[in-house]
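This one's a predicted model, so the numbers in the text were calculated from it and none came from an experiment.
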Amino acid sequence: GIKLVNLVDRKFGKNAKKNVPTARLIDTYNVGDVFFAEYETFEDYSEELGDYATKLRFFVANAIRNPGRYNRMFSVTGVCDVKDIDKHYASITEVVKSFSPPRSM
């Protein structure tokens with residue numbers, strides 16, 4: 001999960017002064033060989049609002065399996081606006097946790 005968020009989070013380095021998306025990791029865990037991550041992204045900082053205009057919460061499940069000749073990454077992602085998190089949190093997490101990639105050979 002940390003590498004996934006670091007790819008999204010570009011607030012350091014050459015893009016530090018630009019209005020680029022940033023992310024905050026909330027939770028990571030695994031069940032067997034399926035890895036789950038929950039994080040928020042922040043985009044479009046508004047000086048007028050004094051806050052970010054776009055805030056999204058991501059729920060991700062990833063697994064690497066070998067169903068044949070090559071390793072493959074299987075993934076499912078649920079996304080919700082932070083404003084609606086109370087309304088949709090339970091259903092999105094239920095769908096993401098139900099993720100079951102194919103078995104390896």
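- Annotation: the span from D84 atom CG to L56 atom CG amounts to 10.5 Å, rounded to 0.5 Å.
- Going from atom CG of N66 over to atom CG of N71 covers 5.0 Å, rounded to the nearest 0.5 Å.
- Residue V82 is not grouped with residue F58 when hydrophobic side chains (ILVMFWY) are merged at heavy-atom distances under 4.5 angstrom, including chains of intermediate members.
- A distance of 5.0 Å separates CD in E38 from CD1 in I26, rounded to the nearest 0.5 Å.
- Linking ILVMFWY residues whenever their side-chain heavy atoms come closer than 4.5 Å, directly or via other members, leaves V95 and Y39 in distinct clusters.
- Looking at D33 and N30, their side chains never come closer than 4.5 Å, going by heavy atoms from C-beta outward.
- When every heavy atom of S75 is checked against every heavy atom of F99, the shortest pair comes out as N-CZ, 3.9 Å.
- Below 30°, between 30° and 60°, or above 60°: for F59 and Y89 the angle between ring planes is above 60°, a perpendicular geometry.
- Of the possible polar contacts, none joining the R24 side chain to the E40 backbone as a donor-acceptor pair under 3.5 Å is found.
- Under the 4.5 Å side-chain criterion, counting only non-hydrogen atoms from C-beta, V34 is in contact with R65.
- V96 has its side chain within reach of F36: a pair of non-hydrogen atoms, C-beta onward, lies under 4.5 Å apart.
- Contact record, I92 with V79: CD1-O, 3.9 Å, taken as the closest heavy-atom pair.
- Within the 4.5 Å cutoff, no side-chain heavy atoms of D81 are placed close to those of H88.
- A heavy-atom distance below 4.5 Å is not found between the side chains of F74 and N62.
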